[in-house]
Amino acid sequence: MNASPTPAFAVTDGGFELAGRPVRLLSGALHYFRVHEDQWPHRLGMLRAMGLNCVETYVPWNLHEPSPGRYRDPEALGRFLDAARAAGLWALVRPGPYICAEWENGGLPHWLTGAVGGRLRTRDPAYLEPVRRWFARLLPQVVRRQADRGGPVLMVQLENEYGSYGSDREYLRELAALLRESGVTVPLFTSDGPEDHMLTGGSLPGVLATVNFGSDAAGAFAALRRHRPAGPLMCMEFWCGWFAHWGETSAPRDAGAAAAELRAVLEHGGSVNVYMAHGGTSFGGWAGANRTGDLHDGDFRPTVTSYDYDAPIDESGRPTEKFWLFREVLAEYAESPPPELPAPLPVLAAPATAVLDAWVPLDEVIDTLGGPERTFGTAPAFEELDVDRGLVRYRARLPGPRPALPLTLPGARDAVRLTVDGVPVAPGTPVPGPATVEIQVESLGRVNYGPRLGEPKGLTGGILHERQYLHGVTARGLRLDAFDDAEAVAALPFRPPSGGGPGLYRGVLRVPAPGDAVLELPDAGRGVAWLNGFCLGRYWSAGPQTSLYVPGPVLRAGRNELWLLETEAPDGGPASVSFREAVLTPPRLACTA
């Protein structure tokens, strides 16, 4: 087993040791990027109050490096680790480069997966060199905060659930060497499902192996022992709930059953990381997606914005029944009684309504805030247009004269709005030529797990009239981060909706004081919402999520501006008459005792 070179924290044949004494890690997953930074201290305090002594977080590469060499606040990780230490918690860091996490593209940048294709997560230099540059930017803040330097970081993960994806041991060895060369001296670990092929493909000699599961602790730890006869037993992801996809029924996990399974992990002498202790929210449209089927080659299933996960601490940071039951179990294995809960954060005092009385058609939004319009031989994918989250408008000329033949869009991902000479039609409809064809394609989240990881977005199979491709395709992309420029949004030619349709809606909310809230959109179809320039994420009438969580720090006393980029009407067709109001309400109560 690898071990820290100082007695701060060590992995031994008998278990974990901290300052030379045996220690059990009672950790909880909390992703700093799914919680508003002003609320970190409260959420970390809630972990402590549940009886945990450690916090675990992933690091989403694509959030922090939106284009090669252009970084967006990677220092947020360091600030979070400082907040964890201030809260009295140790920390486990899972820097990737791949994280899964029900996050867009599993945390991998679109510009990288679009370039390397099937070579991602392998030893291929075209993949590893960008990883090396990213780690050089990210890891120094982890290195400075390691336990052997007086910081909170006890361990760092090597890749993530690699045995569920690949078997390139050389890749894992190169990543381990890269972490060590970067100054990581605390123990490394891997985490995989408790199956032989996953543990064989995802583990590495000399690196602590852990397992992920939500039940049958005895069976999972027995599988781990077949591969590692000695060393600590740890469930790195104890799945106490689950995530939800749009259009599917959410199924909460029984609190009592989850607490019993947690007890089983601890009774076997294991350490644990509760996944999720607090899930939070996939703000910014960063929620990922999955594919159905044993080989993940089936239907596309985008994940909802809420990452509540049926966790013991709910999306708005309040204790649930599961919290109190877990607290009882953990108290029996902790070195000291858990502290009291931190003071609850303020909530919105009363409902507030916004009348969405200003609107800009979607075409004008794309023309003003989108990237350059370019012409290609065939329809480009999102990756060729440097679009991560957002949509692309394609235009092409159908030659003629020719009879009505089926106009199809093979491989289109994900949501498509097709018009011919300005009239909406369904893909596959027979269309005569000549005609002008326009297609708007919206990404609903990239696949974050399995062999379809990194699949491209947009018109990936071109535009076909019968069997003939249409060439000379003009395309313009609109990234969601274009709305970060508040001045550019304010300069859009807003006017009264007058019948509405796809586009950007604007309204004003007035509240006496900020506080946690819920945004209700009773007449909305599908789109993305911003409040005071902060992207709350995607909404969709498909359910099961029917509202968006609003962190209190996003609100201001007095005037608050709401933007809704509506791309689909409630009935699933092109919007002709859209909603007119949005309502901000106080959060619904969770179980408090």
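No experiment lies behind these values; they were computed from the predicted model shown. All residue numbers in this chain count up from 1 along the given sequence.
- For R291 and D297, the salt-bridge test fails: no basic side-chain N is under 4.0 Å from an acidic carboxylate O.
- In this structure, the salt bridge (Lys or Arg N to Asp or Glu O under 4.0 Å) partners of R173, at least two apart in sequence or on a different chain, are E170.
- For residues 182-194, there are no salt bridge (charged side-chain N to carboxylate O under 4.0 Å, His left out) pairs, not counting sequence neighbours.
- Look at D168 and R123 and you find a salt bridge, because one of the NZ, NE, NH1 or NH2 atoms lies within 4.0 Å of a carboxylate O, short of that distance.
- One finds no salt bridge joining E65 and R133 here, because no Lys/Arg side-chain nitrogen approaches an Asp/Glu carboxylate oxygen to under 4.0 Å.
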**Q.** Residue pair E56, S27: steps toward the side chain to side chain donor-acceptor pair (under 3.5 Å) verdict
**A.** CA-CA 7 Å; E56 172 267 310; S27 179; 5.9 Å; no
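- Side-chain atoms of D124 come within 3.5 Å of backbone N or O of A126 as a donor-acceptor pair.
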message = Test side-chain contact (heavy atoms from CB on, under 4.5 Å) on L47 and L30; report intermediate values, then the result.
response = CA-CA 9 Å; L47 263 63; L30 190 164; 3.7 Å; yes
Check: Do R228 and L199 pass the side-chain contact (heavy atoms from CB on, under 4.5 Å) test, and can you show the C-alpha distance, the side-chain angles, and the key distance before you say yes or no?
Finding: CA-CA 10 Å; R228 295 296 171 88; L199 286 164; over 6 Å; no
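- Sorted by first then second residue, the salt bridge (charged side-chain N to carboxylate O under 4.0 Å, His left out) pairs that include residues 96-108, not counting sequence neighbours, are E104-R446.
- Every residue two or more places apart in sequence or in another chain that forms a salt bridge (Lys or Arg N to Asp or Glu O under 4.0 Å) with R452 is listed here: E455.
- Two rings, from F213 and W239, have their centers 6.0 Å or more apart.
- For H296, the ring-ring contact (aromatic ring centres under 6.0 Å, His included) partners two or more places apart in sequence, or in a different chain, are Y449.
- Using a 4.5 Å cut-off on side-chain heavy atoms (C-beta onward), S191 and N160 make contact.
- The side-chain heavy atoms of P544 and V304, taken from C-beta on, include a pair separated by under 4.5 Å.
- The shortest distance between side-chain heavy atoms of V131 and L178 falls below 4.5 Å.
- Residues meeting the salt bridge (Lys or Arg N to Asp or Glu O under 4.0 Å) test with R137, sequence neighbours left out: E75.
- If you look at F483 and W530, their ring centroids are closer than 6.0 Å.
- Judged purely by atom type and a 3.5 angstrom limit, S67 has no side-chain atom pairing as donor or acceptor with the backbone of R70.
- Proximity of the aromatic rings of Y98 and Y165 is defined here by a centroid distance below 6.0 angstrom, and this criterion is not met.
- Annotation: ring-ring contact (aromatic ring centres under 6.0 Å, His included) contacts of F243 (sequence neighbours excluded): H245.
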>> Does V528 form a side-chain contact (heavy atoms from CB on, under 4.5 Å) with C535? I'd like the steps, not just the answer.
In response: CA-CA 8 Å; V528 181; C535 188; 3.5 Å; yes
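- Seen from the ring of Y127, R119 does not count as a face-on cation partner, given the 6.0 Å and 45° thresholds.
- Side-chain contact check for P97 versus W61: some heavy-atom pair is nearer than 4.5 Å.
- Residue pairs that meet the salt bridge (charged side-chain N to carboxylate O under 4.0 Å, His left out) test with at least one member in residues 37-47, sequence neighbours left out, are E37-R79.
- Judged by distance alone, with hydrogens and angles left aside, the side-chain atoms of R253 form no donor-acceptor pair with the main-chain N or O of D310 at under 3.5 Å.
- Sorted by first and then second residue, the pairs that involve residues 193-215 and meet salt bridge (charged side-chain N to carboxylate O under 4.0 Å, His left out), not counting sequence neighbours, are D196-R226.
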- prompt: What do the steps show when you test D314 against T320 for side chain to side chain donor-acceptor pair (under 3.5 Å), and what is the final call?
  reply: CA-CA 7 Å; D314 77 4; T320 67; over 6 Å; no
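- The shortest side-chain heavy-atom distance between R94 and E237 falls under the 4.5 Å cut-off.
- Proximity of L208 to L188: side-chain heavy atoms (C-beta onward) are nowhere separated by under 4.5 Å.
- Partners of R145 under the salt bridge (Lys or Arg N to Asp or Glu O under 4.0 Å) rule, at least two apart in sequence or in another chain, are D82.
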Would you check, one step at a time, whether the test salt bridge (Lys or Arg N to Asp or Glu O under 4.0 Å) holds for E335 with R24? CA-CA 9 Å; E335 294 183 349; R24 187 194 299 257; over 6 Å; no
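- Residue pairs meeting the ring pair (Phe, Tyr, Trp, His ring centres under 6.0 Å) criterion with at least one member in residues 139-161: none, sequence neighbours excluded.
- Cation-pi geometry between R389 and W286 is met: under 6.0 angstrom from the ring centre, within 45 degrees of the axis.
- Between the side chains of T190 and E159, no donor-acceptor pair is found at a separation under 3.5 Å.
- In this structure, F326 and F238 have tilted ring planes: the angle between them lies in the 30° to 60° band.
- Using cut-offs of 30° and 60° for the angle between ring planes, the Y32 and H64 rings count as parallel.
- The backbone N or O of Y171 sits nowhere less than 3.5 Å from a side-chain atom of E174 that would complete a donor-acceptor pair.
- For the residue pair D308/H278, the side-chain donor-acceptor check at 3.5 Å is not satisfied.
- For the atom pair CG of L555 and CG of D516, the computed distance is 8.5 Å after rounding to the nearest 0.5 Å.
- With hydrogens and angles disregarded, no donor-acceptor distance shorter than 3.5 Å links the side chain of E17 to the backbone of V11.
- Residues passing the side-chain contact (heavy atoms from CB on, under 4.5 Å) test with P68, sequence neighbours excluded: W111.
- A donor-acceptor pair is defined here as one N or O able to donate and one able to accept, closer than 3.5 Å; no such pair exists between the side chain of S182 and the backbone of L139.
- Separation of the F33 and W103 ring centroids falls under the 6.0 Å cut-off.
- Ring orientation note: the planes of F80 and W40 are nearly perpendicular, at an angle over 60° on the 30°/60° scale.
- Proximity of a side-chain donor or acceptor of Q141 to a complementary backbone N or O of P74 within less than 3.5 Å is detected.
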task: Any chance you could lay out the side-chain contact (heavy atoms from CB on, under 4.5 Å) test for L453 and R121, step after step, and finish with the verdict?
output: CA-CA 10 Å; L453 178 70; R121 300 181 76 188; 3.8 Å; yes
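- At a threshold of 4.5 Å between non-hydrogen side-chain atoms, the residues P514 and P553 do not count as touching.
- The existence of a salt bridge linking K457 and D388 is excluded, since no basic side-chain nitrogen approaches an acidic carboxylate oxygen closer than 4.0 Å.
- Between the side chain of R538 and the backbone N or O of R526, no donor-acceptor pair lies under 3.5 Å.
- You'll find the side chain of P205 reaches within 4.5 Å of the side chain of R169, heavy atoms only.
- Between the CD atom of E129 and the CG atom of L112 there is a distance of 11.5 Å, given to the nearest 0.5 Å.
- Q545 places a side-chain N or O within 3.5 Å of a backbone atom of S547 that can act as its donor or acceptor partner.
- Between the side chain of R85 and the backbone N or O of G150 there is at least one donor-acceptor pair closer than 3.5 Å.
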